[in-house]
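Before any comments, here is the structure.
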Amino acid sequence: MGGARFVLDAVDGRARAGRLTLSGGVVETPAFMPVGTVGTVKGVSPEELAGAGASMILANTYHLYLRPGADVVRELGGLHDFMRWNGPILTDSGGYQVFSLAAIRDIGDDGVTFRSHIDGSSHHFTPERVMDIQRRLGANVIMAFDECSPGGVSREDAARSNRRTLEWLERCRTRFEATEADARTPQALFPVLQGNVYDDLRAEQVEGAMALGDWPGFGIGGLSVGEAKGDMWRTLEGLDARLPRERPRYLMGVGYPEDLLEAISRGCDMFDCVAPTRNARHGTAWSLDQGQVNLKGARFRLDRDPIDPECDCYACRLYDRAYIRHLLIAGERFGHRLVSIHNLRFLINLATASRLHIREGTFTMWVRSWLERYRAGRIAR
């Protein structure tokens, strides 16, 4: 299970700072990964991502399989050449997208049959096929196929998903090892741990995955899917106590500022979320002194300040809230791009600052102060 090496440099409480060395480069953790669903982070170029400090990005297996197709991506040199991204790339398994299509998919022990959201055509994903697709895409980290149960699911249903996820994980590993010669670059396979908010099921998932052998890292799935925040934090604390210290933990689909810091405080190392760019398309930005703000608000009509006076991103260095508000109200895509660049930089800066404070042993005090200031600004509005 090569293709990755993780070194834990420092800890502060449960928070961790480390370095993940992949075939595509080194990722310092904690790290936020921008989401390039169909081979691009919406509205943001690879050069702008690098300028915002991104070290690793995520692409989506389900969407790239449907369009343009994994064979096309492989023929064009793999995801790195296709996207013009020089750093590491992670591909998720497509499982979350498939399982979110509840009305147009059928789950069985063999795999999942689903209909394309694009043209209604029928497709079948098995653990083996998902491994083959990700081999062709050529990402540095690839994820095992899993069944993600929604928030509020019964323990019985969560246990059923757990069983299937472990069975699929074993099949993923077998296929992954059998096709290593097909990989153009060394790839690391991460399992996805399910169990919803049931502590015993989470423990069983960890034990089951580790019984299948060593892994270069672990994905934590099935959170941020509608459960209460307190349940998420309790679950992460339980996993922190059970997972190997010398392996990175990737919390899937989490990326709001408060959630990022709360999860880092509970031992998570890697994150991804569409929130920075999705919020930006609605005119929503993050600011340390104001929390989450809608820049379309009339109060910004004559505001000459940047989105966040403490941010060093391209948007905050060169443009003010009044102009960005005008672009958003006018429906100009440049406005969406500027807010996207800011939001991405905001999260990447948070991860970077966390890493520095962990190494200095000041994280616990700093994160408490940061969250108090951020929440106070949101309330003051």
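In what follows, residues are counted from 1 in the order of the sequence shown. All values below come from the heavy atoms of this structure, side chains included, with hydrogens, waters and symmetry mates left out.
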- [ ] Would you check if the side chain of Arg345 reaches a backbone N or O of Ser340 as a donor-acceptor pair within less than 3.5 Å?
- [x] no
(Q) Checking side-chain polar atoms at under 3.5 Å, does Glu372 have a donor or acceptor matched by the opposite partner on Ser369? (A) no
Counting only heavy atoms not in Glu170 (residues, nucleotides, ligands), do more than 12 fall under 6.0 Å from its CD?
no
Test item: Asp92 and Tyr62 side chains (from C-beta on) under 4.5 Å apart, heavy atoms: no
Hey, are Asp240 and Arg249 close enough for a salt bridge, meaning a charged N less than 4.0 Å from a carboxylate O?
yes
Closest heavy-atom pair, Val73 versus Pro68, reported as atoms and distance to 0.1 Å, is CG2-CG, 3.9 Å
Charged N to carboxylate O under 4.0 angstrom, Asp71 versus Arg74?
-> no
In terms of heavy-atom contacts, Ser122 and Thr113 come closest through OG-CG2, 3.7 Å
Would a distance-only check, ignoring hydrogens and angles, find a side-chain to backbone donor-acceptor pair under 3.5 Å from Arg84 to Phe82?
yes
query = Quick one: do Trp366 and Leu356 end up in the same hydrophobic cluster if we chain Ile, Leu, Val, Met, Phe, Trp and Tyr together by side-chain heavy atoms under 4.5 Å apart?
reply = no
Checklist entry - Can any side-chain N or O of Gln187 pair as donor or acceptor with the backbone N or O of Ala139 at less than 3.5 Å? => result yes
field: Heavy-atom side-chain proximity of Phe6 to Pro216 below 4.5 angstrom
entry: no
Discussion item. For Glu75, is the CD atom crowded, meaning more than 12 foreign heavy atoms sit under 6.0 Å from it?
Written reply: no
**Whether over 12 other heavy atoms sit under 6.0 Å from Arg5 CZ** = no
Any heavy-atom pair between the side chains of Leu64 and Leu137 that's under 4.5 Å? yes
Treating Asp308 as the side-chain partner and Leu288 as the backbone partner, does any N or O pair qualify as donor plus acceptor under 3.5 Å? yes
Is any side-chain heavy atom of Ile133 closer than 4.5 Å to one of Arg129?
yes
Please confirm whether the backbone N or O of Ile118 pairs with a side-chain atom of Ser116, one donor and one acceptor, at under 3.5 Å?
-> yes
Query raised in the report: Taking side chain as C-beta onward, heavy atoms only, is Arg299 less than 4.5 Å from Val293?
Result: yes
Next item on the list: Check for a donor-acceptor pair, side chain of Thr29 on one end and backbone N or O of Gly18 on the other, with a separation under 3.5 Å.
Entry: yes
Nearest heavy-atom approach of Leu49 to Trp85 is CB-CZ3, 3.9 Å
query: When the ring centroid of Tyr323 is compared with that of Phe300, is the distance short of 6.0 Å?
result: no
Across all chains, not counting sequence neighbours, the side chain to side chain contact (heavy atoms under 4.5 Å, CB included) partners of Thr179 are Asp132, Arg135, Arg175, Asp182
* Asked: Is Leu236 reachable from Val367 through a run of I, L, V, M, F, W or Y residues, each pair having side-chain heavy atoms under 4.5 Å apart?
  -> yes
Answer yes when Asp200 and Arg155 have at least one side-chain N-carboxylate O distance shorter than 4.0 Å, and no when they do not.
yes
Less than 4.0 Å between a side-chain N and a carboxylate O, is that true for Arg19 and Glu28? no
**Message:** One thing to verify: whether Arg325 and Asp320 come together as a salt bridge, which I'm taking to mean a side-chain N less than 4.0 angstrom from a carboxylate O.
**Reply:** no
Next on the checklist: Under 4.0 Å between a side-chain nitrogen and a carboxylate oxygen: does that hold for Arg375 and Glu262?
Outcome noted: yes
Taking every heavy atom of Ala285 against every heavy atom of His342, the minimum-distance pair comes out as CB-CD2, 4.1 Å
| Would you say Leu79 and Val38 are hydrophobically clustered, going by side-chain heavy atoms of ILVMFWY under 4.5 Å? | no
### Message
Does atom NZ (Lys296) have a neighbourhood of more than 12 heavy atoms from anything else shown, all under 6.0 Å?
### Response
yes
Thr235 side chain vs Asp231 backbone, donor-acceptor pair below 3.5 Å
yes
| query | Are Arg171 and Asp110 ion-paired here, with the side-chain N under 4.0 Å from a carboxylate O? | reply | yes
Kindly say whether Ala10 contributes a backbone atom to a donor-acceptor pair with the side chain of Arg359 at under 3.5 angstrom? no
Scanning both residues in full, the closest heavy-atom pair of Ala263 with Leu251 reads CB-CD2, 3.6 Å
Just do the salt bridge (charged side-chain N to carboxylate O under 4.0 Å, His left out) check on Asp289 and Arg373 with the steps written out, would you?
-> CA-CA 7 Å; Asp289 283 330; Arg373 184 176 169 187; 2.7 Å; yes
Query - Electrostatic pair Glu147:Arg160 at N-O distance under 4.0 angstrom - result: no
Compare all side-chain heavy atoms of Leu201 with those of Glu204 and state whether any distance is below 4.5 angstrom. yes
Is the backbone of Trp286 close enough, under 3.5 Å, to the side chain of Asn343 for a donor and an acceptor to pair up by distance? yes
With sequence neighbours left out, the residues meeting side chain to side chain contact (heavy atoms under 4.5 Å, CB included) with Asn86 are none
For the pair Asn162 (side chain) and Gly195 (backbone), establish whether a donor and an acceptor sit closer than 3.5 Å, ignoring hydrogens and angles.
yes
Q) Hey, is CZ on Arg278 packed in by over 12 heavy atoms from elsewhere, all under 6.0 Å? A) no
Per side chain to side chain contact (heavy atoms under 4.5 Å, CB included), His336 is matched among Ile324, Ile341, Leu328 by Leu328
Quick one: is the NZ or CZ of Arg163 closer than 6.0 Å to the six-membered ring centre of Trp168, and within 45° of its axis? no
Could you check if a side-chain atom of Met33 sits within less than 4.5 angstrom of a side-chain atom of Ile57, using non-hydrogen atoms only? no
Tell me whether Leu193 shares a hydrophobic cluster with Leu212, the cluster being built from Ile, Leu, Val, Met, Phe, Trp, Tyr side chains joined at under 4.5 Å.
yes
Cluster overlap Ile358 with Val7, hydrophobic side-chain contacts below 4.5 Å
no
Between Phe114 and Arg105 the two heavy atoms that sit nearest each other are CB-CB, 3.7 Å
**Prompt:** Can we say Arg173 and Glu177 salt-bridge, meaning some charged N sits less than 4.0 Å from an Asp/Glu carboxylate O?
**Reply:** yes
key: Steps toward ring-ring contact (aromatic ring centres under 6.0 Å, His included) verdict (Phe32, Phe346)   = CA-CA 10 Å; Phe32 177 78; Phe346 192 87; over 10 Å; no
| query | Can you tell if the side chain of Val141 reaches within under 4.5 Å of the side chain of Phe190, non-hydrogen atoms only? | reply | yes
With Leu8 as partner, the option from Arg245, Arg247, Glu246 fulfilling side chain to side chain contact (heavy atoms under 4.5 Å, CB included) is Arg245
